[in-house]
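One structure is given below, encoded as C-alpha cells.
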Amino acid sequence: MNLPPLVQSFVLHFGEMGSRWGINRTVGQIYALLYVSPAPICAEEIADALGISRSNVSMSLRELQAWNLVILKHKPDDRRDFFTTPDDVWLILRTLAEERKKREVDPTLSVLREILMQRPASDAERHAQARMSEMHTLIEQLTHWYEDVKQLETERLATLLSLGAKVTKLLEAKDRVVSLGRSRRPNPANKS
C-alpha cells in the first residue's frame, strides 16, 4: 500500500472488519480510503494507493454504489469518475442501517410470514411455528422501533444514544408517575 502509516492502519483494519460484516475485504478498504481522503479520488488513484487491480477497484466501487455508500463526482475537464463518501457520519449510519434492513431483515420477515401462514402437519411443525412466531414478533417490534428511530432528527438520535442505560431510569420514572396518577383517581366502586 502506498499510504501514510495512520491511514494505512485504518484502511487495513476496516478491510478486516468488512470481511466480518459480510463484505469483501477490498470493498472495506476502498470505503475506508474514500472516507478519510480529503478530496474525491478516481479508480486509478484507489488502485495505486491500495496496490490492487483496476478491475477489482471497479467491482468494489459498483458494490459500494449499490449500497448507496459512495458519491460519484466529476471534475471540470476530466472525464474520469471520482468518488467520495458522505461527509455526515450519521447519514452513513442511516444508509447502512437501511440497506442492511432491506437485504437481511425484510427477506427474513417475508420467509417467516410465509411459513407462519402454512398449516402445521405435526407436533414438531407446531412447535417450530410457535418458536418462529416469537421470532417474527420480535423482529416486527424491532422493525417498528427502527422506523420510529430513523425519523428522529440527528441531534435527537445522538441524545438518545448518549442516554444509554439512563433510558431505564427514565422509564422507571415514567412508571412511577403513571402509577401515582392511577392511585389518585377516584374509584367509582368506592362511592357511597
- Message: I need the minimum non-hydrogen distance between L3 and Q8, along with the two atoms involved.
- Response: O-OE1, 3.8 Å
- If you round to the nearest 0.5 Å, how far is CG of N24 from CG of N56? 6.5 Å
- Rounded distance (nearest 0.5 Å) linking atom CD1 of I71 with atom CZ of F83: 11.5 Å
- Heavy-atom side-chain contact between T85 and L69 under 4.5 Å: no
- Query: Has the side chain of S162 got a donor or acceptor atom that lies under 3.5 Å from a matching backbone atom of T159?
  - Reply: yes
- Side-chain heavy-atom pair E63, L61 within 4.5 angstrom cut-off: no
- Message: Strictly distance-based, threshold 3.5 Å: is any side-chain N or O of E125 a donor or acceptor partner for the main-chain N or O of A121?
- Response: yes
- Query: Is the NZ or CZ atom of R103 positioned over W67's six-membered ring, under 6.0 angstrom from the centre and within 45° of the axis?
  - Reply: yes
- Measure the CZ-CG distance between R94 and N68 for me, rounded to the nearest 0.5 Å. 15.0 Å
- Message: Quick check: is L64 connected to M59 through a chain of hydrophobic side chains (ILVMFWY, heavy atoms under 4.5 Å apart)?
- Response: no
- Message: For a quick test of reading the model, state the closest non-hydrogen atom pair linking E99 to A66 and the distance between them.
- Response: OE1-O, 3.9 Å
- From OG (S60) to CG (L33), nearest 0.5 Å: 12.0 Å
- Message: Side chains of S58 and R54 only: does a donor on one sit below 3.5 Å from an acceptor on the other?
- Response: yes
- Using the side chain to side chain donor-acceptor pair (under 3.5 Å) rule, pick out the option among E140, Q141, E147 that qualifies with H144. E140
- Between Q65 and V70 the two heavy atoms that sit nearest each other are CG-CG2, 3.4 Å
- Between A32 and F10, which heavy-atom pair has the shortest distance, and what is it? CB-CE2, 3.5 Å
- Query: Just by distance, do the side chain of Y35 and the backbone of T84 share a donor-acceptor pair under 3.5 Å?
  - Reply: no
- Query: Taking atom CD1 of I52 and atom CD of Q29, what is their separation to the nearest 0.5 Å?
  - Reply: 7.0 Å
- Any side-chain heavy atom of E172 sitting closer than 4.5 Å to one from T168? yes
- Message: Name the residue from D48, I30, L34 that meets the side chain to side chain contact (heavy atoms under 4.5 Å, CB included) definition with I41.
- Response: L34
- Task: For C42 and F82, work out which heavy atoms get closest and say how close.
- Result: N-CD2, 3.5 Å
- Query: How many angstroms lie between atom NZ of K101 and atom CG of L109, to the nearest 0.5 angstrom?
  - Reply: 7.5 Å
- Query: Do you know which two heavy atoms are closest between P86 and I92, and how far apart they sit?
  - Reply: O-CD1, 3.4 Å
